[in-house]
Participant: 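So that we are looking at the same thing, I have put the structure below in structure tokens.
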Amino acid sequence: MELLSNQLLMAAILGYLAAMLCYLAEYSFGGRSAVARAAVRAPRERELATVGGGADRATDVPDVPPVSPTPPSAAPLTPAAPLTAAAPPRDRAGVFGRIAVGLTVLAALLHAGVVVTRGLAADRVPWGNMYEFVLTLSFFGAVTWLVLVAWRPALRLIGLFVTLVTVLVLGFAGVVLYTDVAPLMPALNSYWLKIHVSAAALASGLLLIAFVPSGLYLIRAGYDRGKRRFPYSVGAKLPEAETLERLGFRLHAFAFPIWTLAIICGAIWAEAAWGRYWGWDPKEVWSFISWVAYAAYLHARATPSVKRMTATWFAVIAWGTMLVNLYVINFVAVGLHSYAQP
Amino acid sequence: MRAFRGFWRNLTSMRTALILLLLLAVAAIPGSLLPQKSVNIENVRGYLAAHPDLGPWLDRLWFFDVYSSPWFSAIYLVLFVSLVGCLVPRLRQHLGNLIAKPPRAPRRLDRLPHSRSGLTAGSPPAEVAAGVCERLRGQRWRTVAREQADGSVSVSAEKGYLKETGNLVFHFALLALLVGVAYGSWYGWHGNRLVVAGEEYGFCNTPQQYDESGLGERVGAADLPPFCVTLNDFHAEYNDHGQPLSYAADVSYAEGNAATQPDRIEVNSPLRLSGANVYLLGHGYAPILRYTDRYGVSQTKVVPFLIDDLQVLTSSGVAKFPDVNVDPSGKPSEGAPLEVAFTGVYLPTMSDQVDGRMSIFPAENNPRLQLTAYQGDLGLGSGAPQSVYDLDQRKIATGELRKVADSAALKPGEALTLPDGTRVEFLGTRQWITVSVRHDPGEPIVLGGAVALMLGLMVSLSGKRRRVWVRVEPSGDGRSLISLGGLARSEYPGFADEFARVVELAGADAPRPPVAVVPKEN
């Protein structure tokens, strides 16, 4: 079972890699009109966007022949139809994009297989060490992305960056963090493991995905201001800055309470295991730092006088602290969370 | 006064709060990189020894006490002052809003992000407005209808007050956390110690009986609740690779004058007494040594050995016998003192294959004890404090304490005979555990604060404050014209849908409109 889990990991990485190449193909072949413009329009209007060309949205709307009286929310929930209708048959980019999403789904299924077989091999929840934690975290990230793309197909192009990050994270996990299947150490043998670690993995996965549009927003916003050097050059084909920014905020706002919950559950567990709910263990310190940084982002975002660019930088810095917590602290600092060490 | 007001306005501004939040995050970093006194004092001593130049300066600047340092405290206290300064006016305003009626309709509803006009109804405005109000209230909108001079009625409705409520709850919960932490540090206490298995090695809850203890500022030694705990037995389970599966300590405890009760402490389930919890932190072995001196007098000691290798529990320690080889007849001994000590290395499972003595498994499958005997002056008479886990190296250096014999790897029951004919027997081992006894009365406050924080956060982030206005104007023929406007006051992408539903609601008794709703993007 352990062997199967490892082979599935290989397959999942290859799947994400293939998906990434397809996203890349879509990105390269897709002109600005096919991708970026479609992306900024509400799904309902996308049909117009490709057919009618560059007409301004504000003037389009009144001309719309009998618009369906269904509430607008119905449209985003059935995303595939308008998108496929929008893509003319010769739209190679769109074909690549749809293949890419299909491959991402496949890779995510394989990824789920990796986590499940790992748990079966160890005969426990697969959250006993850093390798397993990173597997779970990136799986939650991939699923979040798929949910997102089903909800807003226009954001499909960001998949390039999502799969890139996922491949990197999984590759690093497989090569550096890999740990043989082993039973839980007594300190981890608690039902809090299921609550605390799953909440932490889910929040980290969500924050990972939230980082992608926020980071891309900075690139796109820089591009809009006339910056053309790498990485701003990437911004040419990205969805509109405002769309990216709002998506980033909503993902962060969703993930932040889960991260808070993970910390609170960790504190309750720490009281039972170590006798104190908070002891400034290095892992605790950095969870606190990340929490404060994300809180700063949400506050900055809610303050009209703070520019969206400035606010988004807070989110990027906060993600940096998450990375420090996950990778640097596990390797460098010795603390009570050392079983997370590879 | 004006200067103060300006200062106060600056202090309570979001900009200041953001800067303080970032400062707090940055100030927390050194505590994760440098050893902390509150976490592990030994590591701090090690760091000071390794960095004789930098170390004392860091110490002077509280870098080994980051989280109780004046600069860290200053940041979070200013942050909390800023928070209170921001919260109190907001609380007052929110309470006002809860009582106040939704605001009047703007003159031009079509200028709002969401608007609709051209609906008609078959009854006069007052009647229509009453119906609209009722239906909106049914959907938990807070509504008020205002009649205008021109005979029209405008309905103002607002929803989503919970968002601000959640926001305030979240921030006040942060204050509760601070209060809980402070209360716990004043009225809490803790003690750590090592407990050897056996009736005679139990301990009672007084500061003197702890190896290390800390009492809160408002706690005296007499305030500690009376109880005693003894360790009866300790069980550790390992898999074939020596990885631990479970630890359990069977203990007996007696609170006050109550009868002795048995209980079991495990890693994630402490012994919870009234007024204190006992946590299992670590475990190890204590070899039992019997020394028989020149006069045939025997002494037995149980010596807890400290762990050198956590994986296989190779441990080492020192057994000191200061009052041996004393003539029972009371005649003073001549010459150098003949005190005896043994340093030892204990291997729970010695490998028979591998060269060199090493343990290969943490359980006692093939236990061996290797002893080195010293004789002479242990230096205990000088009154200077001495570690029970180490010999006085100065006495060895001066030759007052001499190494006299090395044993083979002794099995339980085997003995080592010293050159002077005295004997030390290795009788076996006992288990020991380290426990932490803790009481933190701030915990319920902190837990309550955390729950409130979580609830407030979820409500605050998911809530949406929004307003709609419905203007019903007389059309002249006893019928009414209805126009609507809507405004989402926070991030709310679904507001267009909700506004459409409100439009349907408002036009419920009007003929179905021929055109659909066109929401503007906000």
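We name chains A, B, ... by the order of the sequence lines, and we start the count at 1 in each one.
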Participant: For Val278(B), is it the side chain, the backbone, both, or neither that has a heavy atom closer than 4.5 Å to a heavy atom of chain A?
Facilitator: neither
Participant: Could you please state which residues from residues 310-323 of chain A sit under 4.5 angstrom from chain B, measuring non-hydrogen atom to non-hydrogen atom, sorted by number, or 'none'?
Facilitator: Phe314(A)
Participant: Would you mind telling me which of Leu22(B), Leu21(B), Val267(B), Asn268(B) has the largest number of heavy-atom pairs within less than 4.5 Å of chain A?
Facilitator: Asn268(B)
Participant: What closest approach, in Å, do Phe72(B) and Trp280(A) show between heavy atoms, and which atom pair accounts for it?
Facilitator: CZ-CH2, 4.1 Å
Participant: Side chains of Val285(A) and Tyr67(B): does their closest heavy-atom pair fall under 4.5 Å?
Facilitator: yes
Participant: Pick out which of Leu24(B), Leu23(B), Leu79(B), Val26(B) makes a side-chain contact (heavy atoms from CB on, under 4.5 Å) with Val292(A).
Facilitator: Leu24(B)
Participant: What residue, out of Trp286(A), Phe254(A), Trp192(A), has the most heavy-atom pairs lying under 4.5 Å from chain B?
Facilitator: Trp286(A)
Participant: Quick one, Asp440(B) with Tyr277(A), criterion side-chain contact (heavy atoms from CB on, under 4.5 Å). Give me CA distance, side-chain angles, the key distance, then yes/no.
Facilitator: CA-CA 10 Å; Asp440(B) 184 348; Tyr277(A) 56 85; 3.2 Å; yes
Participant: Does Gln243(B) reach the main-chain N or O of Pro183(A) with its side chain, forming a donor-acceptor pair under 3.5 Å?
Facilitator: yes
Participant: Who passes ring-ring contact (aromatic ring centres under 6.0 Å, His included) against His235(B), sequence neighbours left out?
Facilitator: none
Participant: Keeping to residues at least two apart or across chains, list the side chain to side chain donor-acceptor pair (under 3.5 Å) pairs with something in residues 293-305 of chain A.
Facilitator: Glu245(A)-Arg301(A), His299(A)-His171(B), Arg301(A)-Glu491(B)
Participant: Mind checking whether Ser32(B) and Glu284(A) have side chains closer than 4.5 Å, heavy atoms only?
Facilitator: no
Participant: Less than 4.5 Å to any heavy atom of chain B: does that hold for the side chain of Glu271(A), its backbone, both, or neither?
Facilitator: both
Participant: Considering only heavy atoms, which portion of Arg15(B) lies under 4.5 Å from any heavy atom of chain A: side chain, backbone, both, or neither?
Facilitator: neither
Participant: Can you tell me which portion of Trp291(A) sits under 4.5 Å from chain B's heavy atoms? Options are side chain, backbone, both or neither.
Facilitator: side chain
Participant: Counting heavy-atom pairs closer than 4.5 Å to chain B, which one of Ala272(A), Ala296(A), Ala267(A) comes out on top?
Facilitator: Ala272(A)
Participant: Mind checking the CG-OH spacing from Asn189(A) to Tyr247(B)? Nearest 0.5 Å is all I need.
Facilitator: 12.0 Å
Participant: Is Ser246(B) close to chain A through its backbone or its side chain, or both, or neither, when contacts mean heavy atoms under 4.5 Å?
Facilitator: backbone
Participant: To the nearest 0.5 Å, tell me how far His241(B) NE2 sits from Asp180(A) CG.
Facilitator: 9.0 Å
Participant: For Leu20(B), which atoms come within 4.5 Å of any heavy atom of chain A: side chain, backbone, both, or neither?
Facilitator: neither
Participant: Heavy-atom cut-off 4.5 Å, strictly under: side chain, backbone, both or neither for Leu33(B) against chain A?
Facilitator: neither
Participant: Could you tell me whether Gln311(B) atom CD has more than 12 heavy atoms of other residues or ligands within 6.0 Å of it?
Facilitator: no
Participant: Quick one: pull up CD1 in Ile29(B) and CD1 in Ile289(A) and give me the separation to the nearest 0.5 Å.
Facilitator: 4.5 Å
Participant: Does any non-hydrogen side-chain atom of Pro257(A) lie less than 4.5 Å from one of Leu461(B)?
Facilitator: yes
Participant: My understanding is that only residues two or more places apart in sequence, or in another chain, count here; which of them pass salt bridge (Lys or Arg N to Asp or Glu O under 4.0 Å) with Glu164(B)?
Facilitator: Arg90(B)
Participant: Tell me, side chain or backbone of Ile264(A) under 4.5 Å from chain B's heavy atoms, or both, or neither?
Facilitator: side chain
Participant: Which bit of Tyr238(B) comes within less than 4.5 Å of chain A, counting heavy atoms only: side chain, backbone, both or neither?
Facilitator: neither
Participant: Out of Asn277(B), Leu245(B), Asn239(B), which one racks up the most heavy-atom pairs below 4.5 Å with chain A?
Facilitator: Leu245(B)
Participant: For the candidates His190(B), Arg272(B), Gln36(B), Glu266(B), which exhibits the highest count of non-hydrogen atom pairs separated by less than 4.5 Å from chain A?
Facilitator: Arg272(B)
Participant: Verify side-chain contact (heavy atoms from CB on, under 4.5 Å) between Asp281(A) and Val39(B), making sure each step is shown before the conclusion.
Facilitator: CA-CA 7 Å; Asp281(A) 176 70; Val39(B) 177; 5.8 Å; no
Participant: Sort out for me which of Gly279(A), Ala300(A), Ala293(A), Ala302(A) touches chain B most, counting heavy-atom pairs under 4.5 Å.
Facilitator: Ala300(A)
